[in-house]
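Atoms within a ligand are numbered from 1 in the order they appear, just like the ligands themselves. From a predicted model like this one, the values you see are computed outputs, not experimental measurements.
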Amino acid sequence: MRFYAAPMEGITGYIYRNAHASCFPSMQRYYTPFLSPNQKRTLGSKEKNDVIPEHNTGLSVIPQVLTNRADAFLRAAHILSDMGYTEINLNLGCPSATVVTKGKGAGFLANLSELNAFLEQIFEQCPIAISLKTRLGMQQPEEVFALEALFSKFPVKEWILHARVREDFYKNTPHWSIFAEVSKQSKIPICYNGDIFSVSDYQKFLHTFPEIEAIMLGRGLLINPALVREIKGGVPMCAQEFLQFHDQICTGYLDTISGSHHVLCKMKELWTYWIQYPLLMSKQKEIKKIKKCRNILEYQNLVSNLFT
Ligand SMILES: Cc1cc2nc3c(=O)[nH]c(=O)nc-3n(C[C@H](O)[C@H](O)[C@H](O)COP(=O)(O)O)c2cc1C
């Protein structure tokens, strides 16, 4: 099985990726949160900063792009190709209303003729391989069969399929029966994504889909950064490892983000996931304090005293 770390906007930027790879070296690759090229500018400075090779040394990274304009996609692809990337991932799954109403992300799945024209142009002119990350559709999971027919016309490197529709957002359970049908039918290599939170979730998946060779992990990996090590039979993350991982991320943010208030916000977002990890579940009171704290020195103190 190949394990991929999912793109998570605002979270899995290069600071997080580097800390994760150095503390829990278990992932085949990391996908960047989406880059959003438009008519005015191809990549913003924050986006460039996330993908430049100096910030991703030794990591296997696939940059992801969110757009419905072929010219913008191709301009981004050329920049990424010049940086040395050999694959680019197209986001066709983002469910957020602001994205969907502009016909991007999952919203693009509702317009097959425009999507077809877009794919024809990018597959003809893109200098590097293209993979897709999609949902099953906008409203009904059965929409995926028409998508499969469309995608199969193009040399798609890999199809990462989040087994929900846009209407599900992150609720409800992934539609495994539809995923089973489409993955049997598809000639494109498929990577599964959705709700693998534990070793037992993984084992259940493997038992049901022994032929699938790649899984993408999102929230499960945020909650438990050592999930893949555990899946491979290794030991669960201990307190000391967690603190080391935490400190590496926090120091990375302090070194690169101006204003400790912004650093605190970013760290607090991570705590919404970490609080769900078994080792930390018994520390609800302490973590509540951490999430309320407004000063970075006090924050660092609270975290370093968490297990004492
Ligand atoms: C906070 C957050 C940010 C996300 N950002 C992105 C993104 O930038 N690109 C993308 O393709 N998916 C994004 N996703 C979706 C995840 O990559 C993944 O598909 C989703 O969480 C389902 O997988 P999981 O059940 O393993 O978490 C995001 C999800 C969350 C919760």
### Contact residues of ligand 1 (heavy atom under 4.0 Å), by chain and number
Ala6, Pro7, Met8, Glu9, Pro33, Phe34, Gln64, Asn91, Lys133, His162, Tyr170, Asn193, Gly194, Asp195, Leu217, Gly218, Arg219, Tyr273
### Query
Salt bridge check: are Lys184 and Glu148 linked by an N-O gap of less than 4.0 Å?
no
### Message
Show every salt bridge (Lys or Arg N to Asp or Glu O under 4.0 Å) that has at least one partner inside residues 33-61, sequence neighbours left out.
### Response
Arg17-Asp50, Arg41-Glu47
### Task
Check whether the ring centres of Tyr202 and Phe197 lie less than 6.0 Å apart, and answer yes or no.
no
### Query
Are the ring centres of Tyr16 and Phe245 closer than 6.0 Å?
yes
### Donor-acceptor pair, side chain of Arg164 and main chain of Lys171, under 3.5 angstrom
yes
### Task
Return the minimal non-hydrogen interatomic distance between Thr208 and Lys204, and the atom names on each side.
OG1-O, 2.7 Å
